Amino acid sequence: MRAAVTGVTGYVGGRLVPELLRAGFEVRALARHPERLAGREWVHDVETVSADAADLGQIRAALEGADVAYYLVHSLGTGSTFEARDRRTALTFAQAAREAGVGRIVYLGGMFPDVPEGTLSRHLASRKEVGEILLASGVPTTVLQAAVILGSGSASFEMMRYLTERLPAMTTPRWVDNRIQPIAVRDVLRYLVGSATMPPDVSRAFDVGGPDVLTYRDMMQRYAKVAGLPRRAIVSVPVLTPRLSSLWVGLVTPVPSGIARPLVESLQHEVVCREHDIARYVPDPPEGLVGFDRAVALALERVHDGEVTTRWSSASVPGAPSDPLPSDPDWAGGSLYVDERRTVVDAPRDVLWRVVEEIGGQGGWYSWSLAWRVRGLLDRAVGGPGLRRGRRDERHLRVDDELDWWRVEAIEPGRRLLLRAEMRLPGLAWLELRVDEAAAELPDATDPAAPGPSPEDASGPGRTYFAQRALFYPHGLAGQLYWWAVKPFHGVVFGGMQRNVAAAAERAARAGETFQGRARP
């Protein structure tokens with residue numbers, strides 16, 4: 001069977017593809033920017049297609065010949081108009097699947113309770129509407145409705161994990177005593193794969209959940225027990241609104257308040273499976289569904305071993321990633337501010353590159369750490385990611401990896417790393433780090449007066465040329481004012497980063513290290 005999968009750069013989609021391959025499917029991975037799949041272990045085993053799920057012509061062509069199409073697209077945390085965007089995209093996908101002759105649509109939605117019309121949270125109401133649109137498409141459709149998904153890197157799991165680990169005592173909203181039926185991500189993936197082969201006359205929604213029904217309070221206490229933490233003191237109060245709760249979650253956990261809010265709003269409802277009919281078509285495994293404690297233990301094992309393959313932040317922040325880079329052929333021009341610095345490093349190229357590739361995350365940015373922390377807190381206060389997203393892998397980067405408030409836009413191993421800012425800014429920003437064996441290999445500086453050595457300075461064995469560029473494209477007057485307000489700090493922040501990266505590489509080279517650890521100045 002041929003499976004077409006949308007959302008492959010996201011949390012579930014990125015994990016579903018290898019499961020489908022293991023089950024013997026031919027997989028077509030659909031993405032607006034297929035180049036962002038570079039570095040995935042499975043990318044050479046699938047057919048990659050450039051397609052926007054909201055573009056009828058593109059998505060219809062991409063779905064031609066597919067036996068099953070997985071719809072894993074939603075607009076969680078993308079502003080006040082996400083319902084309309086989700087509705088339009090679902091309608092477009094449904095029409096495209098019907099016209100392309102797709103055999104089945106499979107959609108992963110949210111579980112919702114039986115409540116009066118208009119009382120569901122906006123997030124759950126939108127997920128419910130998308131499921132209804134796909135069921136009305138004329139194509140046999142499976143809608144899987146899940147509550148909290150437990151797995152390393154999922155937004156729901158990370159929110160619970162960091163709240164529990166960082167707060168031995170906490171005041172919480174009343175919804176902590178609502179009942180929830182969480183499900184392990186491996187059971188979600190098993191249901192998704194198994195749904196592809198349902199009989200053609202089956203077109204309906206299924207509630208899917210694990211074997212445990214718990215309150216959120218129970219979930220935090222049981223997480224603490226599995227993680228070896230003392231029992232948490234949890235006091236619920238009636239005054240914490242979803243907005244206040246999401247702001248608090250945004251400050252305490254890596255999940256930005258813009259994503260935390262729909263999750264928090266959904267937790268106001270009791271979400272417990274009303275049926276288990278899915279077992280007729282995708283039988284439970286002989287050992288049974290994965291329970292809460294086992295799911296947490298498996299997730300923590302992956303976190304500790306550094307084997308988190310996808311994360312909630314795997315999907316790019318909407319808006320900026322679709323804008324052209326200054327180096328793109330379709331760059332429209334305009335004001336582009338550049339801070340460029342160059343230096344010669346007395347270290348081999350491979351040693352310097354290892355320092356560059358391990359930048360960010362737990363190890364920091366080789367610069368004035370207080371300035372980075374303050375800027376990260378300000379970003380989180382306005383709903384941005386701040387510094388708490390960290391990095392997927394502490395030693396290696398790939399295209400589309402999140403790196404604190406940056407995302408890897410491009411990487412040439414051993415030579416070039418380009419990061420795009422996803423913090424809240426009145427404009428677009430990039431940070432480019434280049435490593436070369438001679439200054440002549442690097443492009444000329446945008447600013448002829450930019451500090452740096454001459455090409456002759458970079459000659460000689462064991463010497464490497466390190467260039468660093470910060471670029472900012474302002475939006476309107478606010479963007480102009482922002483650049484000139486932060487420019488006085490560039491010498492400390494970017495200058496310090498330039499010097500300290502070079503110093504760390506030189507120390508590693510002198511010591512003959514393989515740079516297994518992160519030597520910081």
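Because the structure is predicted, anything quoted here is derived from the model rather than measured. Numbers here simply count residues along the sequence, with the first being 1.
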query: Considering only heavy atoms from C-beta outward, does the side chain of I411 approach that of L418 to under 4.5 Å?
result: no
- prompt: If you measure from CG on L419 to CG on L471, what distance do you get to the nearest 0.5 Å?
  reply: 11.5 Å
- prompt: Less than 4.5 Å apart, any side-chain heavy atom of R2 and any of R28?
  reply: yes
- prompt: Once you round to the nearest 0.5 Å, how far does CE of M160 lie from CD1 of I180?
  reply: 9.5 Å
- prompt: Does any non-hydrogen side-chain atom of R190 lie less than 4.5 Å from one of P285?
  reply: yes
- prompt: Would you call E19 and L192 a side-chain contact if the rule is heavy atoms closer than 4.5 Å?
  reply: no
message: With heavy-atom distances below 4.5 Å as the criterion, would you say the side chains of V193 and F25 are in contact?
response: yes
query: Roughly how far, to the nearest 0.5 Å, is the CH2 atom of W483 from the OH atom of Y473?
result: 15.0 Å
statement: Minimal heavy-atom distance between M111 and V271, with the atoms involved, is O-CG1, 3.3 Å
task: With side chain to side chain contact (heavy atoms under 4.5 Å, CB included) as the test, would you mind laying out the steps for V493 and S367 before giving the verdict?
output: CA-CA 6 Å; V493 175; S367 186; 3.9 Å; yes
field: Minimum heavy-atom distance A90-V130, with the two atoms named
entry: CB-CG1, 3.9 Å
- prompt: Applying the side chain to side chain contact (heavy atoms under 4.5 Å, CB included) test to V17, which of V43, V27, L37, D45 qualifies?
  reply: V27
- request: Please assess Y70 against V12 for the test side chain to side chain contact (heavy atoms under 4.5 Å, CB included), listing each intermediate value before the final yes or no.
  value: CA-CA 11 Å; Y70 287 91; V12 173; over 6 Å; no
Heavy-atom closest contact (G414 atom, W353 atom, distance): N-CE2, 3.0 Å
- prompt: Do Q145 side-chain atoms and A205 backbone N/O form a donor-acceptor pair below 3.5 Å?
  reply: no
field: Expected output: side-chain E409 to main-chain R420 donor-acceptor under 3.5 Å
entry: no
- prompt: Near R186 CZ, under 6.0 Å, is it more than 12 heavy atoms from other residues, nucleotides or ligands?
  reply: no
query: Where do Y482 and F472 land on the ring pair (Phe, Tyr, Trp, His ring centres under 6.0 Å) test, with the steps shown first?
result: CA-CA 10 Å; Y482 174 83; F472 183 68; 5.5 Å; yes
task: Please report the closest heavy-atom contact between V8 and A29, naming both atoms and the distance.
output: CG1-CB, 3.9 Å
- prompt: Is the shortest heavy-atom distance from the side chain of V185 to the side chain of Y11 under 4.5 Å?
  reply: yes
query: Under the 3.5 angstrom rule, does the side chain of T92 hit a backbone N or O of L56 as a donor-acceptor pair?
result: no
query: Is a side-chain donor or acceptor of S50 paired with a backbone partner of P34 at a separation under 3.5 angstrom?
result: no
message: Would the distance check show the side chain of Q498 and the main-chain N or O of F466 forming a donor-acceptor pair, the cut-off being under 3.5 Å?
response: yes
task: In sequence, state the C-alpha distance, the side-chain angles, and the governing distance for R161 and E165, and then conclude on salt bridge (charged side-chain N to carboxylate O under 4.0 Å, His left out).
output: CA-CA 6 Å; R161 172 190 169 199; E165 290 186 353; 3.8 Å; yes
message: Taking L108's backbone N and O only, do any of them form a donor-acceptor pair with R127's side chain (distance below 3.5 Å, no angle check)?
response: yes
- request: Give a yes or no answer on whether the side chain of R469 reaches the backbone of V338 with a donor-acceptor pair at less than 3.5 Å.
  value: no
message: Quick check for you: to the nearest 0.5 Å, what is the distance between I133 atom CD1 and L91 atom CG?
response: 4.0 Å
query: Would you find a donor on one side and an acceptor on the other, under 3.5 Å apart, between the side chain of D393 and the backbone of R395?
result: yes
query: Is there side-chain contact between L417 and V408, with heavy atoms separated by less than 4.5 Å?
result: yes
- prompt: What heavy-atom pair brings G360 and L403 nearest, and what distance separates the two atoms?
  reply: CA-CD1, 4.2 Å
- request: Might you confirm whether atom CZ of R60 has over 12 heavy atoms from other residues, nucleotides or ligands at distances under 6.0 Å?
  value: yes
query: side-chain hydrogen bond (donor to acceptor under 3.5 Å, both in side chains): which pairs involve residues 192-205, sequence neighbours left out?
result: R204-D277
Heavy atoms of other groups near E287 CD, more than 12 under 6.0 Å: yes
message: Under 4.0 Å between a side-chain nitrogen and a carboxylate oxygen: does that hold for E83 and R87?
response: no
message: Main chain of A184, side chain of D187: is a donor-acceptor contact present, judged purely on distance under 3.5 Å?
response: no
query: In terms of the angle between their ring planes, are Y107 and Y71 parallel, tilted or perpendicular, with boundaries placed at 30° and 60°?
result: tilted
Worked verdict on Y281 versus F206 for side chain to side chain contact (heavy atoms under 4.5 Å, CB included): CA-CA 11 Å; Y281 309 99; F206 297 89; 3.9 Å; yes
statement: In L289, L144, V208, the residue satisfying side chain to side chain contact (heavy atoms under 4.5 Å, CB included) with I183 is V208
query: Hey, are the side chains of I359 and M497 touching, using non-hydrogen atoms and a 4.5 Å cut-off?
result: yes
message: Can you list everything that forms a ring pair (Phe, Tyr, Trp, His ring centres under 6.0 Å) with W405? Sequence neighbours excluded, please.
response: W372
message: Please determine whether a side-chain nitrogen of the Lys or Arg among D436 and R415 lies less than 4.0 Å from a carboxylate oxygen of the Asp or Glu.
response: yes
query: Closest approach of A54 and T89, non-hydrogen atoms and distance?
result: CB-OG1, 3.9 Å
- request: Please report the C-alpha distance between M198 and I278 in whole Å, then the side-chain angles of each, then the deciding distance to 0.1 Å, and finally whether the side chain to side chain contact (heavy atoms under 4.5 Å, CB included) criterion is met.
  value: CA-CA 10 Å; M198 285 186 177; I278 187 71; 3.4 Å; yes
message: Just verifying a value: how many Å separate F292 CZ and M219 CE, rounded to the nearest 0.5 Å?
response: 5.0 Å
- request: Kindly compute the distance separating CG (L20) from CD (E26), expressed to the nearest 0.5 Å.
  value: 12.0 Å
message: Treating E357 as the side-chain partner and L397 as the backbone partner, does any N or O pair qualify as donor plus acceptor under 3.5 Å?
response: yes
